[in-house]
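Encoded as structure tokens, the structure appears first; notes follow it.
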Amino acid sequence: MASSGNPEFLRRAIALATANVTSGVGGPFGAVIVRAGQIVGEGVNTVTACNDPTAHGEINAMRAAAKALGTFTLAGCALYTSCEPCPMCLAAAYWARLDAIYYGACAEDAARAGFDDAFLCRELRKRSEARTLSATQMLRDEAWVSLATWIASPSKIEY
């Protein structure tokens, strides 16, 4: 995949984000997934419309692309997004094995609009016991059984 992106795909993501706001559907975030010069998935922020905190534009675009391509990996694809991905969307991009991300507005711009991910970035750098959201490990040995079953499974599909 080329190291430089195509501005027309980013313009499409920006147009989706703007239309999402003017239509009243959701937040100012839009994204497209591109493979071999073709858009294979699009998404906009539908967090409030769907009552789904994970329904960010990038996540919705990745879901659409994976469905269209019939695969869980988006290797060979690029993400074009109207704004720098939040920590959740960035992690999803890694899990999807995307080749590249191209974005318009940066995290500081999003913060100016009231979408400040700096808190999340600070929390992720902390040890789990120091985070604001309490997380307590329980039943580790019992939970290991499902992982051991996965390791032993001849029919697993690794990702």
Side-chain angles (χ1 to χ4, degrees), residues 1-128 130-133 135 147 150 155-159:
M1 174 164 284
S3 61
S4 62
N6 181 329
E8 291 310 309
F9 294 128
L10 187 53
R11 286 187 180 102
R12 174 65 183 156
I14 294 167
L16 287 168
T18 304
N20 199 47
V21 173
T22 58
S23 71
V25 172
F29 305 101
V32 298
I33 303 292
V34 175
R35 182 179 195 184
Q38 300 293 316
I39 294 175
V40 295
E42 294 185 338
V44 294
N45 179 288
T46 57
V47 168
T48 56
C50 295
N51 294 319
D52 179 352
T54 69
H56 290 200
E58 298 92 335
I59 300 292
N60 286 336
M62 285 184 256
R63 288 174 179 157
K67 184 175 183 178
L69 296 172
T71 182
F72 59 84
T73 178
L74 297 177
C77 297
L79 167 65
Y80 288 81
T81 178
S82 61
C83 188
E84 185 175 359
C86 74
M88 177 184 69
C89 293
L90 181 60
Y94 276 99
W95 277 113
R97 311 292 194 265
L98 288 167
D99 288 4
I101 298 172
Y102 302 98
Y103 62 92
C106 65
E108 291 81 14
D109 298 329
R112 278 191 4 235
F115 300 93
D116 191 357
D117 298 331
F119 167 75
L120 294 174
C121 293
R122 286 191 305 273
E123 285 289 295
L124 291 172
R125 285 192 295 269
K126 295 177 184 177
R127 294 182 48 84
S128 61
R131 293 182 184 146
T132 304
L133 180 60
L147 296 170
W150 167 261
S155 60
K156 67 179 170 254
I157 298 172
E158 294 192 24
Y159 58 98

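Numbers for residues simply follow the sequence, beginning at 1. The structure displayed is predicted, hence computed values, not measured ones.
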In terms of heavy-atom contacts, A17 and G30 come closest through CB-N, 3.4 Å
OG1 of T132 to CZ of F119, rounded to nearest 0.5 Å, is 4.0 Å
Subject >> Y159 and W95: CA distance, side-chain angles, deciding distance, side-chain contact (heavy atoms from CB on, under 4.5 Å) verdict >> reply: CA-CA 8 Å; Y159 58 98; W95 277 113; 4.2 Å; yes
Residue pair T54 / R63, side-chain donor-acceptor N/O under 3.5 Å: yes
Scanning both residues in full, the closest heavy-atom pair of I101 with P85 reads CG2-CG, 4.0 Å
What one should report as the nearest heavy-atom pair of D117 and C86 is OD2-CB, 3.2 Å
Here the pair of heavy atoms bringing A107 nearest to E84 is N-OE1, 2.8 Å
For residues 22-29, run the donor-acceptor check on the side chains, cut-off 3.5 Å, and write out each pair with its distance to 0.1 Å, sequence neighbours left out.
from : atom 1 : to  : atom 2 : distance (Å)
T22  : OG1    : T18 : O      : 3.3
T22  : OG1    : A19 : O      : 3.2
S23  : OG     : A19 : O      : 3.0
S23  : OG     : N20 : O      : 3.1
S23  : OG     : V25 : N      : 3.4

When every non-hydrogen atom of T81 is compared with those of L10, the smallest separation belongs to O-CD1, 3.2 Å
Between the CD atom in E158 and the CH2 atom in W150, the distance rounded to the nearest 0.5 Å is 6.5 Å
| message | With a 4.5 Å cut-off on side-chain heavy atoms, are N6 and V34 touching? | response | no
Between the CG atom in L133 and the CD atom in E123, the distance rounded to the nearest 0.5 Å is 8.0 Å
In terms of heavy-atom contacts, F9 and V32 come closest through O-CG2, 3.6 Å
(Q) Y80 vs I39, test: side-chain contact (heavy atoms from CB on, under 4.5 Å). Steps then yes/no. (A) CA-CA 10 Å; Y80 288 81; I39 294 175; over 6 Å; no
Original post:
Hey, is the main chain of C106 close enough, under 3.5 Å, to the side chain of D109 for a donor-acceptor pair?
Top reply: yes
Between the CG atom in L74 and the CD1 atom in I33, the distance rounded to the nearest 0.5 Å is 6.0 Å
Distance col, row K126:NZ vs R131:CZ, nearest 0.5 angstrom, shows 9.0 Å
Rounded to the nearest 0.5 angstrom, the SG-CE distance for C77 and M62 is 11.0 Å
Count the heavy atoms belonging to other residues, nucleotides or ligands that lie under 6.0 Å from OH of Y103, then report whether that count exceeds 12.
no
